[in-house]
Enquirer: 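One structure, as structure tokens, below. Some questions next.
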There are 2 protein chains.
Amino acid sequence: MSCDTDSVAVLRRAEMKLTPQRLMVLSALRHAQGHLTAAEIFEQVRAAYPYVDISTIYRTLTALRTMRLVTETDMGSGDLAYEWVQERPHHHLICSGCHRVLELDHGYLERLGDDLARDLDFEADLHHFAIFGRCAACRPAAAPAASPGL
Amino acid sequence: MSCDTDSVAVLRRAEMKLTPQRLMVLSALRHAQGHLTAAEIFEQVRAAYPYVDISTIYRTLTALRTMRLVTETDMGSGDLAYEWVQERPHHHLICSGCHRVLELDHGYLERLGDDLARDLDFEADLHHFAIFGRCAACRPAAAPAASPGL
DNA sequence: GTTGGTGCAAATGATTTGCAAAAGG
DNA sequence: CCTTTTGCAAATCATTTGCACCAAC
């Protein structure tokens with residue numbers, strides 16, 4: 001597929017040296033249909049290239065993040081999740097009950113972003129948002145919002 | 001003021017033992033006009049009670065968070081920020097340029113929350129949100145959103 | 001050849017935990 | 001008293017860094 005040749009172009013454009021490690025990190029990110037942690041990328045790359053070090057993964061991710069090719073998001077798991085930047089941003093609804101992750105269309109946050117820009121002159125970075133809460137399935141079982149709780 | 005007696009009531013209601021350490025953590029949180037890190041709370045408490053340990057601060061914060069009396073938010077500083085839960089939630093706009101923190105009225109996110117509930121049956125936990133971006137002052141100097149960047 | 005990138009190993013730093021002593025109810 | 005909480009010290013665990021070697025360009 002065109003991903004690998006494309007990744008080469010991506011690195012060239014970014015004036016980064018073209019190393020197999022970086023190509024594999026890029027490949028992992030671009031083939032993932034979602035977010036990956038540094039450890040997950042590490043596993044994937046190591047499967048084909050056993051000598052990579054986790055620090056190389058982090059260094060590559062930092063570089064890619066700096067040039068805004070990947071997003072870094074705290075999904076609440078203790079480590080950070082990385083995702084290749086798509087043309088149309090999308091976001092995640094994370095259920096605190098079942099830990100399921102739902103995708104959220106950018107439209108919802110676009111509205112919020114417009115409000116913030118218009119009213120407060122604040123240009124919000126809404127490329128990749130994680131919103132926690134409760135999905136329909138987990139709502140009745142868990143404490144409803146209005147309850148005083150324990 | 002009523003904060004201390006009120007804190008006593010808070011702990012009683014929560015069926016937590018009433019220790020000076022906990023009262024001081026509560027006091028720090030309730031008097032702060034914003035968010036505090038665990039380390040900041042630690043400093044404040046230690047000033048009056050030199051033998052407290054940071055682990056006690058964390059344990060107290062965990063307990064308070066479990067009973068939804070404080071919020072825990074990643075403000076992007078590497079550590080987590082804690083804030084006493086107010087009657088009316090408010091949120092933070094964090095400028096990536098000058099690191100200034102602006103308060104955001106709950107109305108903006110209420111709208112989003114309503115949308116998510118109506119359209120997706122997802123009850124978002126919007127008690128305390130941190131939105132990163134660029135304030136008006138930092139915008140012209142930094143890369144505008146529409147630019148292709150590096 | 002230079003410069004930047006990598007592997008390795010060790011450091012960092014926030015947060016957590018085991019355990020015995022101390023304090024709350 | 002009995003249980004929970006605390007202080008201390010040590011452990012975790014993701015992420016970062018110093019450094020010598022190696023590979024792109």
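Atom set for the values below is all heavy atoms of this structure, side chains included, hydrogens, waters and symmetry mates excluded. Convention: sequence-line order gives letters A, B, ...; per-chain numbering from 1.
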Enquirer: For the side chain of B:Arg59 and the base of D:dG7, is some donor closer than 3.5 Å to an acceptor across the two?
Expert: yes

Enquirer: Looking only at heavy atoms, which two atoms of A:Val70 and A:Trp84 are closest? And how far apart?
Expert: CG1-CE3, 3.8 Å

Enquirer: Would you check, one step at a time, whether the test ring-ring contact (aromatic ring centres under 6.0 Å, His included) holds for A:His92 with A:His35?
Expert: CA-CA 10 Å; A:His92 296 298; A:His35 38 82; 4.8 Å; yes

Enquirer: Could you name each residue pair satisfying side-chain hydrogen bond (donor to acceptor under 3.5 Å, both in side chains) that touches residues 72-81 of chain B, not counting sequence neighbours?
Expert: B:Arg65-B:Glu72, B:Glu72-B:Tyr82, B:Thr73-B:His128, B:Ser77-B:Asp79

Enquirer: Measure from CZ on A:Arg65 to C1' on D:dT16 and round the result to the nearest Å.
Expert: 12 Å

Enquirer: Return the value, rounded to whole Å, for the distance between atom CD1 of B:Ile41 and atom C1' of C:dA14.
Expert: 14 Å

Enquirer: Just checking, any donor-acceptor pair under 3.5 angstrom between side chains of B:Glu83 and B:His90?
Expert: yes

Enquirer: To check you understand the geometry: which heavy-atom pair defines the closest contact between A:Gly107 and A:Asp105, and what is its length?
Expert: N-OD2, 2.7 Å

Enquirer: Specify the residue among B:Asp79 and A:Ser55 whose closest nucleotide of DNA chain C lies further upstream toward the 5′ end.
Expert: A:Ser55

Enquirer: In terms of side-chain geometry, is the basic nitrogen of B:Arg111 or A:Asp115 positioned less than 4.0 Å from the acidic oxygen of its partner?
Expert: yes

Enquirer: How bent is the helix from C:dG1-D:dC25 to C:dG25-D:dC1, measuring the angle between the end axes built from five pairs each, rounded to 10°?
Expert: 40°

Enquirer: Can you see whether B:Arg30 engages B:Ser7 through a side-chain donor-acceptor pair at a distance of less than 3.5 angstrom?
Expert: yes

Enquirer: Given atom CD of B:Glu15 and atom P of D:dT3, what is their separation to the nearest angstrom?
Expert: 16 Å

Enquirer: So, OP1 or OP2 of D:dG7: does either fall under 4.0 Å of a side-chain N or O from B:Gln21?
Expert: yes

Enquirer: Looking at C:dT6, C:dT15, C:dT16, which one has an atom nearest to any side-chain atom of B:Leu80?
Expert: C:dT15

Enquirer: Below 4.0 angstrom, which residues in residues 43-53 of chain A have at least one non-hydrogen atom near DNA chain D?
Expert: none

Enquirer: Would you kindly compare A:Tyr82 and B:Thr56 by the position of their nearest DNA chain D nucleotide and give the one closer to the 5′ end?
Expert: B:Thr56

Enquirer: Please tell me if the side chains of B:Leu23 and B:Thr19 come closer than 4.5 Å, counting only heavy atoms from C-beta onward.
Expert: no

Enquirer: Measuring to OP1 and OP2 of D:dT16, would you say a side-chain N or O of A:Tyr58 lies under 4.0 angstrom away?
Expert: no

Enquirer: Tell me whether B:Glu15 at atom CD has more than 12 heavy atoms from other residues, nucleotides or ligands lying less than 6.0 Å away.
Expert: no

Enquirer: Check every atom of D:dA14, C:dT6, C:dT15 against the side chain of A:Thr60 and return the nucleotide holding the closest atom.
Expert: C:dT6

